[in-house]
Amino acid sequence: MWIDLDRQAAAPLVTQLYGAIRRQILDGTLAPGRRLPASRELAASLRISRNVALEAYDLLLAEGFVTARRGSGTFVAAGATFPGVGEKPPPPAVAPLHMGYDSPPGVINFRPGTPDLGMFPSRLWLAMVREVLALPPQKILAYDHPEGRGELRQAICDYVVARRQVVCHPEQVVITGGTTQAINIVCRLLLGQRREVVIEDPITRDIRSIIASHGGRLHPLAVDGEGLRTELLPEHLAPAFVYTTPSHQFPCGAVMPIQRRIELLNYATRSGAYLVEDDYDSEFRYEGPPLGALHGLLPERVVYIGTFSKTLSPALRLGYLILPVPLVEQGRSHKWHSDLHNEVISQLALARFIDQGHYLRHLRRMRAHYRQRRNEIVATLKELFGDEVDILGSSAGLHLVARFPGRTFTGEFFAAMERRGVRLYAVAAHAIDPETHQDKLLLGYGNLDPTDIRRGLERLADSLRARQQPGDR
Ligand SMILES: Cc1ncc(COP(=O)(O)O)c(C=O)c1O
């Protein structure tokens, strides 16, 4: 029996010896019925301790590779041959799932929707986590309930009732892994006999893709400077739900006025559709009075989705659903089937963060921070492009849209910009009907510092000037 042991290897000698014999049995080198050397003999020939040999034989015996007959020795068992169990294959050529937002290091990335990660309140968060970890283990480390911790649901409920004019009880709140999981739960809840979904166009590509993956049939409805064009709502349709971002349309940035909100609510009542209100970045409003959520106007027909991805960090994966009462039980059940419940320590840390007033202070600070950054990017756009550019949707959120009438931004343009070290995004990429959005760039500024914003926009200006030469458009 030829066995090679590597005394420098990380794997213990027992594991190596067991593995080598196991391989030889599987590939048939050691045939069924063959007698293995006595442990003492094997130990001597390999210059290992007898205990190592005995332990390896014990493992093989426990797994059925060998049989032991008292007095006569250890034999290869019948039925343990399985040739072709090869070496570890080379790693599969699977690329990471391409979400379309990564860029090589050093590239100025105008990715929308990421908050300023450097402003995350790490010290306070750590203090909250420390407080939570001091609680009895039974309260923080056990299996918990799908709807999420009562402390956090209460804190969220107090916040949305006071600040967003939402009308709800904590029992209606389900804590989710961000908006993304909330939408999955909504689809499972609402896509039954009705499978039609009216959706703003453009809207985040990812949201469309999730709804379609649940079998939802998308009916795009155009948006304008006041959000969803409610006069286009299809009367013949009876959709399961209408998906809308009334506080800050994504990506075009409109804030929906009350008249359209009421038309939307009337449509929901007429058609029996639910309204799914994605309130992803309403906390950051820089101009005009804050409009409350759609939810408060007709709580029984609106499913409200909130997230902490924009106000704190997308890596926390913490968001919430506020469900009309008849949907609560089923909603909790879908959350349970999806992932049992959100991680508990972060839920409790966040509940404390809100209860102790840190959240509102953080929002105030971040609002001032983003307002300043918004002012800078708007000023830079005006300085560099003058009346060549229309700026849309800059009154709220972490992104705006720059429209360059008469231009068409092609894939080739975006690739060329990336070679110049700037990653830009097309509004058209989020549109079901891209035709009318070819002249619009989506500029996320939440996680970019002002120097990079200026440098990125200067390179854009250079490229656009170069492209103005005849034949290059
Ligand atoms: C319209 C919209 N809603 C919600 C989100 C946030 O998703 P999540 O809460 O899953 O991080 C995004 C992310 O960019 C978004 O664009």
Side-chain angles (χ1 to χ4, degrees), residues 97 99-102 109-117 120 148 152 156 160 164 173-187 197-211 213 218 220-221 223 227-228 241-256 275-285 293-295 303-322 335 338-339 342-343 346-347 350 370 392-393 396-401 423 425-432 442-448:
L97 192 59
M99 309 289 285
Y101 295 111
D102 293 335
N109 192 336
F110 283 87
R111 175 182 182 150
T114 306
D116 190 334
L117 303 177
F120 181 80
L152 181 57
I156 287 172
V160 292
R164 303 294 303 129
V173 180
V174 177
I175 307 298
T176 64
T179 310
T180 305
Q181 189 184 43
I183 298 169
N184 276 284
I185 293 174
V186 166
C187 287
V197 176
V198 172
I199 189 160
E200 293 174 351
D201 184 30
I203 190 77
T204 319
R205 203 179 29 196
D206 313 9
I207 292 174
R208 280 179 6 227
S209 139
I210 295 169
I211 297 173
S213 80
L218 298 173
L221 231 58
V223 300
L228 186 73
F241 61 92
V242 180
Y243 197 92
T244 180
T245 51
S247 302
H248 188 224
Q249 204 282 325
F250 190 94
C252 291
V255 179
M256 191 188 281
L275 303 179
V276 177
E277 177 176 23
D278 178 352
D279 209 22
Y280 66 104
D281 71 0
S282 61
E283 292 83 358
F284 303 124
R285 185 161 170 75
L294 198 58
H295 184 276
V303 172
Y304 178 92
I305 304 178
T307 182
F308 294 95
S309 288
K310 316 295 166 188
T311 53
L312 286 167
S313 152
L316 285 174
R317 305 313 304 138
L318 274 168
Y320 50 97
L321 265 172
I322 297 176
K335 170 67 182 170
S338 168
D339 64 352
N342 268 65
E343 183 268 300
S346 305
Q347 288 190 60
L350 179 55
Y370 293 132
L392 313 174
L398 307 176
H399 71 269
L400 53 76
V401 168
R423 166 63 79 84
Y425 295 87
V427 169
H430 294 279
I432 299 174
L442 174 53
L443 300 173
Y445 54 83
N447 194 36
L448 273 182

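Ligands are counted one by one from 1 in listed order, and the atoms in each one are counted from 1 as well. As the structure is a computational prediction, the values presented were derived from the model and not from experiment.
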Colleague: Can you name the atoms of ligand 1, numbered from 1 with element, that are less than 4.0 Å from a heavy atom of Asp278?
Modeller: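 By the 4.0 Å cutoff, the relevant atoms are 1 (C), 2 (C), 3 (N), 4 (C).
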Colleague: Can you tell me if Glu277 uses its side chain to pair, donor with acceptor, with the backbone of Ser247 under 3.5 Å?
Modeller: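 Judged by distance alone, no pair lies under 3.5 Å.
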Colleague: Is the backbone N or O of Asn109 less than 3.5 Å from a side-chain atom of Tyr101, with the two atoms forming a donor-acceptor pair by type?
Modeller: no
Colleague: Under 4.0 Å, heavy atoms only, figure out whether ligand 1 is touched by the backbone of Ile207, its side chain, both or neither.
Modeller: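 The side chain, only.
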Colleague: Assign the ring pair Tyr304 / His295 to parallel, tilted or perpendicular, where the plane angle (0 to 90°) is split at 30° and 60°.
Modeller: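 Taking His295 first and then Tyr304, their aromatic rings stand perpendicular (interplane angle over 60°).
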Colleague: Where's the contact between Pro314 and ligand 1, heavy-atom distance under 4.0 Å: side chain, backbone, both or neither?
Modeller: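 Neither; nothing of Pro314 gets under 4.0 Å from ligand 1.
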Colleague: Where the side chain of Arg423 meets the backbone of Arg111, is there a donor-acceptor pair that is under 3.5 Å apart?
Modeller: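 Not at all, since once roles are kept as given, no pair shorter than 3.5 Å links the two residues.
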Colleague: Please work out whether any backbone atom (N, CA, C, O) or any side-chain heavy atom from C-beta onward of Lys310 is under 4.0 Å from ligand 1, and answer side chain, backbone, both or neither.
Modeller: side chain
Colleague: Enumerate the atoms of ligand 1 whose separation from the nearest heavy atom of Arg317 is less than 4.0 angstrom.
Modeller: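 Result: 8 (P), 10 (O), 11 (O).
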Colleague: Which atoms of ligand 1 have any heavy atom of Gly178 under 4.0 Å away?
Modeller: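 Atoms satisfying the 4.0 Å criterion: 9 (O), 10 (O).
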Colleague: Classify the ring geometry between Phe250 and His430 as parallel (under 30°), tilted (30 to 60°) or perpendicular (over 60°).
Modeller: perpendicular
Colleague: Backbone or side chain, does any N or O of Thr179 fall under 3.5 Å from an N or O of ligand 1?
Modeller: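 By distance alone, the answer is yes.
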Colleague: I'd like to know if the side chain of Asp279 reaches the main chain of Gly306, judged simply by a donor and an acceptor atom lying under 3.5 Å from each other, with no hydrogens or angles considered.
Modeller: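 No; judged by distance alone, with no hydrogens or angles, the pair does not exist.
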Colleague: Under a 4.0 angstrom heavy-atom cut-off, which atoms of ligand 1 come close to Thr204?
Modeller: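 Atoms satisfying the 4.0 Å criterion: 1 (C), 2 (C), 15 (C), 16 (O).
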Colleague: What atoms of ligand 1 come closer than 4.0 angstrom to any heavy atom of Ser309?
Modeller: 8 (P), 9 (O), 11 (O)
Colleague: Angle class for the His248/His399 ring planes (parallel below 30°, perpendicular above 60°, tilted otherwise)?
Modeller: tilted
Colleague: So which protein heavy atom does atom 10 (O) of ligand 1 come closest to, and at what separation?
Modeller: Thr180 OG1, 2.6 Å
